[in-house]
Amino acid sequence: MFEQEYIREKKIKEIKLLGIDPYPSKTIKINYSIKKILKNKKKIIKNNKILYLSGRIFNIRNMGRSTFVDIKDYSEKKIQLYYNLNKLNKKYRYNKFYIFLFKKYLDIGDIIWIKGNLFITKVKEYTILIKKIILLSKCLYPIPNVKKKDKKIYYKFKDQEKRYRMRYLDLIVNEKSKKNFIIRSLIINYIRKFLNKFNYIEVDTPILQNIPGGAYAKPFITYHNKFKKKLYLRISNELYLKKLIVGGFKGVYEFSKNFRNESIDKIHNPEFTILECYVPYKNYVWMMNFLQKLLIYICKKTFNKTKIKINNINIDFKKKIKRIKLFNLINKYSKLNINKNTSINTLRKICKKLNINVDKKEKIIDNIFNIYCKNKIKNPVFIIDYPIYMSPLAKSKSNNYKITERFELYINSIEIANAYTELNDPIEQYKRLKKQNKKIDKDFIKSLKIGMPPTVGIGIGIDRLIALLTNNLNIQEVILFPQMK
RNA sequence: GACUUGGUAGCUCAGCUGGUAGAGCAUUACACUUUUAAUGUAAGGGUCCUGGGUCCGAAUCCCAGCCAGGUCACCA
């Protein structure tokens, strides 16, 4: 415990000696949020309304007998309080607690309730004259002091590690941080609203899975004692949602927490949120349009506009998103001149030149794409025409077996969404999974045998999308408690 | 996993080629009855991330480790 903590604990003891509970159990009366007060300030003054409100103290300015205090409440607005012993109700004027209120007992960070009237100070600041005050919660750990003048912020709390580990402090002190999470909530709600308009139903599928399928990633492994068997935290919910389409829903979606036992960086957290949505009787072309409509809807509802500045690039989601074939993109930037038929030997030669250490065809292409193209894609692009060996769960084009009906949406060099017309031929699906040399979810194949209508499915990286739309370069800024060692 | 930058007071940071640890805000005390980054005066507050090494002497140089940021790899 350090000096300031010790001092505050001492204050608590003194407060208790005065018969005041520093953590009272109270249902308190609140008739105005600060936001509401500021909105109706003229009316409130005119009618001399009595205000009951509570909030956290952010600044105390002692001026001899009078004191100015700034508090902020859940409405994220600040208001100034004015405290003067002589202006209190008579019964409080000789009360020791009130006499030393802001000189001794109350600190920055404390949560208080007050009763008072609104007035205007000499410098024309709307201020509440304190009539009565109750301490609701004493703050024992000094909160970082942030000061503002002319919208400039001084003395920030900005150590990233501390902000993530003590997110509660970050939320109290950094307005921008809290705003990110409010926007996150809004966006998720608007996505839900949009999908519900089409009567797609929101579902929950198992997080604990017998076989971690639907993607290729290292899973977290756990164990069921009674069954005496290993279970896996899902890396994807894809196969389950397809089973539900087999079951006959008009469309299903899930905000899926997925878990991947891999490293952490700006766009990866071990647990992350993917919106998976599956719609029968549609294909990937339909989905491209659907996704763009969704993006426009989100932006309009959340930001009231479709033009957004992201990482210094102006993006207008209303503009039709370009569709570019994967190999065209690669050849445009790399001049390698490869295509779906390029032999593995040729690809290996390229690898040697580029110092790429992978052997599988799909990984080679992915690496080449990352090296030459990824950083160049800033504006939204649908990358289409992925080769079959990169897409084991996607349906081939009817006129070209080697190319699948798949697209990925890239914005600001980040993969935001991945979608394809689902492969619903059980025999073909089994063949492709077999090639992967992985344990096959036979129940998934069985469901396909029963018959899945032609279906399109999409996965949208929610954390990434929200980071993007809030102009954050790191998803940790939009994950409340990012994983840390 | 590789490379790289950083870790000093509650917060934000300074600390040069090694010589007793600094500032602003915050805290404490005093003054001040309309301030708003309040002001003035004074005071307290440090395992300089941890452990070794070099040296008469290390926050500073060297080695190892821990934690974090960034870049890359892995993430079909």
Side-chain angles (χ1 to χ4, degrees), chain A residues 1-8 10-11 58-70 78-87 103-104 107-109 119-127 129 139-166 169 173-174 214-219 235-236 258 260-270 272 355-358 360-367 370-371 375 386-394 406 408 415 418 432-433 435-436 438 461 473-474 476 482 484-485:
Chain A
M1 190 164 61
F2 50 91
E3 188 202 15
Q4 292 192 41
E5 264 186 290
Y6 174 75
I7 289 168
R8 292 201 183 188
K10 231 173 97 184
K11 284 185 183 180
F58 275 80
N59 196 7
I60 299 174
R61 292 179 294 280
N62 251 311
M63 310 257 327
R65 292 226 177 120
S66 43
T67 303
F68 292 91
V69 181
D70 296 332
K78 270 187 187 173
I79 197 160
Q80 177 173 265
L81 311 177
Y82 177 69
Y83 175 80
N84 190 319
L85 203 59
N86 298 334
K87 303 218 162 129
K103 282 187 176 167
K104 259 190 181 175
D107 291 292
I108 291 172
F119 73 102
I120 306 173
T121 63
K122 276 183 196 165
V123 278
K124 289 185 181 155
E125 170 98 7
Y126 282 85
T127 300
L129 177 67
C139 171
L140 287 181
Y141 189 98
I143 62 173
N145 55 308
V146 175
K147 300 212 167 185
K148 247 181 167 181
K149 192 188 183 180
D150 304 330
K151 288 190 177 170
K152 254 192 170 176
I153 298 170
Y154 300 79
Y155 312 116
K156 281 185 199 173
F157 176 51
K158 60 179 180 185
D159 183 302
Q160 283 187 60
E161 185 180 356
K162 280 176 191 156
R163 283 179 49 231
Y164 299 153
R165 287 191 197 276
M166 298 194 277
L169 255 190
V173 159
N174 294 320
Y216 200 89
K218 283 172 209 126
I235 54 174
S236 162
N258 293 349
R260 296 187 184 177
N261 207 338
E262 274 143 13
S263 61
I264 298 173
D265 63 30
K266 286 203 288 192
I267 53 169
H268 293 93
N269 194 55
F272 60 103
N355 225 354
I356 300 173
N357 259 334
V358 289
K360 283 183 184 164
K361 234 177 170 181
E362 62 265 31
K363 293 213 173 179
I364 295 172
I365 301 293
D366 208 43
N367 267 282
N370 285 344
I371 290 171
N375 292 329
Y386 282 78
I388 188 166
Y389 51 80
M390 289 179 87
S391 322
L393 298 165
R406 174 183 175 191
E408 285 195 357
E415 180 197 337
N418 180 14
R432 291 218 215 148
L433 290 179
K435 252 191 189 167
Q436 281 198 326
K438 259 183 68 194
L473 299 178
N474 192 329
Q476 289 177 111
M484 292 201 133
K485 210 166 178 178

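Here is how names work: the chains are called A, B, and so on, in the same order as the sequence lines, proteins then strands, and each is numbered from 1. Only a predicted model underlies this, so the values are computations on that prediction, with no experimental measurement involved. Computed over heavy atoms, backbone and side chain alike; hydrogens, waters and symmetry mates excluded.
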Sticking with atom [atom1], work out how far [N] lies from [M], rounded to a whole angstrom.
{"N": "rC55(B)", "M": "rG18(B)", "atom1": "C1'", "value": "9 Å"}
{"N": "rU36(B)", "M": "rA21(B)", "atom1": "C1'", "value": "34 Å"}
{"N": "rA64(B)", "M": "rU8(B)", "atom1": "P", "value": "22 Å"}
{"N": "rU4(B)", "M": "rC13(B)", "atom1": "C1'", "value": "22 Å"}
{"N": "rC48(B)", "M": "rA9(B)", "atom1": "C1'", "value": "10 Å"}
{"N": "rU41(B)", "M": "rG10(B)", "atom1": "C1'", "value": "23 Å"}
{"N": "rG19(B)", "M": "rG57(B)", "atom1": "C1'", "value": "7 Å"}
{"N": "rU47(B)", "M": "rG7(B)", "atom1": "C1'", "value": "14 Å"}

Using only atom types and a distance under 3.5 Å, with no angle test, would you say the side chain of [X] pairs donor to acceptor with the backbone of [Y]?
{"X": "Arg8(A)", "Y": "Cys139(A)", "value": "yes"}
{"X": "Asp150(A)", "Y": "Lys152(A)", "value": "no"}
{"X": "Arg432(A)", "Y": "Ser391(A)", "value": "yes"}
{"X": "Lys104(A)", "Y": "Lys11(A)", "value": "no"}

Exercise. Can you tell me if OH on Tyr389(A) sees more than 12 non-hydrogen neighbours from other groups inside 6.0 Å?
Worked result: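 Enclosed: over 12 neighbouring heavy atoms sit under 6.0 Å from OH of Tyr389(A).
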Item to complete: Kindly check if the number of other-residue, nucleotide or ligand heavy atoms within 6.0 Å of CZ (Arg65(A)) is above 12?
Response: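 Atom CZ in Arg65(A) is not crowded, with 12 or fewer foreign heavy atoms closer than 6.0 Å.
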Mind listing the closest non-hydrogen atom pair of [X] and [Y] along with its distance?
{"X": "Val173(A)", "Y": "Phe157(A)", "value": "CG1-CB, 3.7 Å"}
{"X": "Gly214(A)", "Y": "Leu393(A)", "value": "O-CD1, 4.0 Å"}
{"X": "Leu129(A)", "Y": "Tyr82(A)", "value": "CD1-CD2, 3.4 Å"}

Rounded off to whole Å, could you give me the [atom1]-to-[atom2] distance for the [X] and [N] pair?
{"X": "Lys149(A)", "N": "rU39(B)", "atom1": "NZ", "atom2": "C1'", "result": "13 Å"}
{"X": "Asp70(A)", "N": "rA37(B)", "atom1": "CG", "atom2": "P", "result": "9 Å"}
{"X": "Glu3(A)", "N": "rG44(B)", "atom1": "CD", "atom2": "C1'", "result": "5 Å"}
{"X": "Ile60(A)", "N": "rU39(B)", "atom1": "CD1", "atom2": "P", "result": "15 Å"}
{"X": "Lys124(A)", "N": "rU35(B)", "atom1": "NZ", "atom2": "P", "result": "13 Å"}
{"X": "Lys162(A)", "N": "rU8(B)", "atom1": "NZ", "atom2": "C1'", "result": "10 Å"}
{"X": "Gln4(A)", "N": "rA26(B)", "atom1": "CD", "atom2": "P", "result": "10 Å"}
{"X": "Met63(A)", "N": "rG40(B)", "atom1": "CE", "atom2": "P", "result": "13 Å"}

How is [X] classified with respect to the nucleic acid when contacts are heavy atoms under 4.0 Å: base, sugar-phosphate, or nothing?
{"X": "Asn62(A)", "value": "base"}
{"X": "Lys152(A)", "value": "nothing"}
{"X": "Glu362(A)", "value": "sugar-phosphate"}
{"X": "Phe68(A)", "value": "base"}
{"X": "Met390(A)", "value": "sugar-phosphate"}
{"X": "Gly461(A)", "value": "nothing"}
{"X": "Tyr82(A)", "value": "base"}
{"X": "Ile267(A)", "value": "nothing"}

- Message: For a quick check, tell me whether the side chain of Asn84(A) and the base of rU33(B) share a donor-acceptor pair closer than 3.5 Å.
- Response: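 Checked by distance alone, the answer is yes.
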**Prompt:** Does Gln80(A) make a side-chain donor-acceptor contact with the base of rU35(B), cut-off 3.5 Å?
**Reply:**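 Check passes, donor-acceptor contact within cut-off.
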Exercise for the section: Could you verify whether a donor N or O on one side chain and an acceptor N or O on the other, from Gln476(A) and Arg163(A), lie under 3.5 Å apart? Expected result: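 No pair is found: no donor N or O on one side chain lies under 3.5 Å from an acceptor on the other.
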Between [N] and [X], is there an OP1 or OP2 to side-chain N/O distance shorter than 4.0 Å?
{"X": "Asn59(A)", "N": "rA38(B)", "answer": "yes"}
{"X": "Arg61(A)", "N": "rU35(B)", "answer": "no"}
{"X": "Lys122(A)", "N": "rU35(B)", "answer": "no"}
{"X": "Lys158(A)", "N": "rC13(B)", "answer": "yes"}
{"X": "Arg260(A)", "N": "rA76(B)", "answer": "yes"}
{"X": "Lys103(A)", "N": "rA29(B)", "answer": "no"}
{"X": "Lys11(A)", "N": "rU28(B)", "answer": "yes"}

Using the six-membered ring for Trp and the full ring for Phe, Tyr or His, decide whether Tyr154(A) stacks on the six-membered base ring of rA37(B) (centres under 5.5 Å, planes under 30°).
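Yes, Tyr154(A) stacks on the base of rA37(B).
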| request: Evaluate side chain to side chain contact (heavy atoms under 4.5 Å, CB included) for Asn418(A) paired with Arg406(A), printing each intermediate quantity in order. | output: CA-CA 8 Å; Asn418(A) 180 14; Arg406(A) 174 183 175 191; 3.1 Å; yes
Its contact letters, B for base, S for sugar-phosphate only and - for none at protein heavy atoms under 4.0 Å, make nucleotides 65-73 of chain B read --SSSSS-B
- In terms of side-chain heavy atoms of Thr121(A), which of rU12(B), rU27(B), rU36(B) is nearest?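 Nearest nucleotide to the side chain: rU36(B).
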- Query: Looking at the side chain of Lys147(A), which of rA76(B), rA37(B), rU34(B) is the nearest nucleotide?
  - Reply: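 Nearest listed nucleotide: rA37(B).
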Could you tell me the Watson-Crick or G-U partner of [N], where both distances fall under 3.5 Å? Say none if there is no partner.
{"N": "rU54(B)", "answer": "none"}
{"N": "rG40(B)", "answer": "rC30(B)"}
{"N": "rG70(B)", "answer": "rC3(B)"}
{"N": "rU20(B)", "answer": "none"}

I want to confirm an ordering. Mapping Asn86(A) and Lys363(A) to their closest nucleotides on RNA chain B, which one lands closer to the 5' end?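 It is Asn86(A), whose closest nucleotide lies nearer the 5' terminus.
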Go nucleotide by nucleotide along RNA chain B from the 5' end; which of Pro144(A) and Lys104(A) gets its closest nucleotide reached first?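 This one resolves to Pro144(A).
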